[in-house]
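Beneath this line is the structure, given in structure tokens, with notes to follow.
A note on names: the letters A, B, ... follow the listed sequences, proteins ahead of strands, and every chain is numbered from 1.
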There are 2 protein chains.
Amino acid sequence: MRTPSDEAELVARARALAGRSLEGLAREHGVTLGSVGRSTKGKTGTLLERVLGATGGSSATWDFPSLGVELKTVPVDLRGVPRESTFVCTISLRDADRAEWATSWARAKLRRVLWVPVLVLPDGSRRVAGALLWSPTAAQDVVLAQDFEDIMGRIGAGEVEGLSGHAGRWLQVRPKAAHGRVRTAAPARDGGLLATVPRGFYLRALFTGALLRDPVALPGRREGESSAG
Amino acid sequence: MRTPSDEAELVARARALAGRSLEGLAREHGVTLGSVGRSTKGKTGTLLERVLGATGGSSATWDFPSLGVELKTVPVDLRGVPRESTFVCTISLRDADRAEWATSWARAKLRRVLWVPVLVLPDGSRRVAGALLWSPTAAQDVVLAQDFEDIMGRIGAGEVEGLSGHAGRWLQVRPKAAHGRVRTAAPARDGGLLATVPRGFYLRALFTGALLRDPVALPGRREGESSAG
DNA sequence: TAGGATCCACTGGTGGATCCGT
DNA sequence: ACGGATCCACCAGTGGATCCTA
């Protein structure tokens, strides 16, 4: 599929997929999802990249480089509630003490995201739901920045081993490694380096769920409140 | 093939291969050399690694880690003269200014080498010739150290782009990249970094040829002179 | 339920060297 | 003749996420 030439075309294409089954899309594009079990991780995202004409492929860019847009699929239940958190990017542990949210790769990735919810039905079948192009509001950016600075500050201080998935309001840190034995370098308390498991930033499902319901919902706004001031 | 348990066994096995055709060895070990053209680069070395039970495989070690021995095949003509230079290792360009021969990976690789000459006959067939386990003599080490310091000094000074294969008496520097477009970071004259093609250390064919004739030949000794003082 | 662990496809870099134009 | 360019196999790392126990 040709790469969309602008945001409007990308969004139109994505929204036109609403209701389509993943199996059908896979067949059309000549790919196999292998619909059961743990061996299908990542297949959904790769399929939608193809369907929508993403070209980024490798690292250090977006899925749609000319648009600066990142594509994220998110599995949701019948109520539209995400079943999983969303991976953002790998954390550069070694440089944590110099990292700043404003110039971070995490922020660049989240600057403009095309969310494609994938409805997972009770029988296990999956269908594309309504896509949404989102950018963080100023208020959302503030909270993400706080999470980032908090987490990176602690990593920079040599506390990476003490960090758990509990840290961060919306952005959390979790292990990110294909095999448990992988190790990378991180700052140690004594100012040196220690070997630890690679980590990534993830968006909590609570946050992506709120986004999908109302993209400009303010931080702290509760369900049931009006979105009018 | 089982990994040799000591140097004597390794050398005995290697010398027992003298006269064997590469094709025959390949057949015995179930590998295909694809005997013609440019698509066979590296196959000889990989075959001999299998035949002799090398286990190193990945980087940062030797072919026979427990022995600290590196295996090198070298194509020679009927007179025993090498047809090619010998790759030693990739150069860490960025750290060139801090590099020292004594602690260098190049020296570690050359500390103990099992040379396996491969006789290339006029009809294109290839046979293993007499293997030789070599360590640099003190005098040889001095010359290699001079080459190393000369080259690394110039790289460290930001002169990598001005370096050619002419530099170095026995150890030379040449490009080392699967594709011409690969780039890596090296010191620049202004103290910053520049993107350049990766380089590797190679031993000149003149040097390896001298080694194969007389492993302890002193630096500067000419052909035809006696090896007795 | 969600934090920690893990899976697959893909590819860029590395180690094994030899090719080939000037 | 040899300095610069290139070829193949292999594997660790990355990006895509989801699995799976306590």
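E70(B) and W115(B) are not linked by any side-chain donor-acceptor pair at a separation below 3.5 angstrom, with hydrogens and angles left out of the test. For the 3.5 Å distance criterion, the side chains of T196(A) and R183(A) fail to qualify, holding no donor opposite an acceptor. Side-chain contact, R27(B) with T32(B): no donor N or O sits under 3.5 Å from an acceptor N or O. With no hydrogens or angles considered, no side-chain donor-acceptor pair links S21(A) and R126(A) at under 3.5 Å. Side-chain contact annotation: R112(A) with S135(A), donor-acceptor N/O pair under 3.5 Å present. Side-chain N/O atoms of R199(B) and T184(B) include no donor and acceptor closer than 3.5 Å.
If you take CZ of R199(B) and C1' of dT14(C), they are 17 Å apart, rounded to a whole angstrom. Look at NE2 on H166(B): it is 15 Å from P on dT22(C), rounded to the nearest Å. At whole-Å resolution of the value, CZ in R83(B) and C1' in dG3(D) are 17 Å apart. Taking atom CD of E70(A) as the reference point, atom C1' of dA17(D) lies 12 Å away to the nearest angstrom. dG16(D) atom C1' lies 12 Å from atom CG of L47(A), rounded to whole Å. In this structure, R94(A) atom CZ and dG13(D) atom P are separated by 14 Å, rounded to whole Å. For D63(A) and dT14(D), the CG to P distance is 18 Å, given to the nearest whole Å. Between L203(A) atom CG and dA17(D) atom P there is a gap of 12 Å when expressed in whole angstrom units.
Look at Q172(B) and you won't find any side-chain N or O under 4.0 angstrom from OP1 or OP2 of dC2(D). Of the side-chain N and O atoms in T90(A), one or more sit less than 4.0 angstrom from OP1 or OP2 of dG15(D). Within the 4.0 Å cut-off from OP1 or OP2 of dG3(D), not a single side-chain nitrogen or oxygen of S85(B) is found.
If you check every strand for non-hydrogen atoms under 4.0 Å, P75(A) touches sugar and phosphate atoms only.
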(Q) Please encode protein proximity along nucleotides 5-11 of chain C as a string of B, S and -, counting only heavy-atom distances under 4.0 Å. (A) BBBBSS-

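Comparing E84(A) and V88(A), the nucleotide of DNA chain D nearest to each residue sits closer to the 5' end for V88(A). Annotation: of the two residues near DNA chain C, T73(B) and V173(A), the 5′-most nearest-nucleotide partner is V173(A).
With sequence neighbours excluded, the residues that form a ring-ring contact (aromatic ring centres under 6.0 Å, His included) with F148(B) are W101(B), F201(B).
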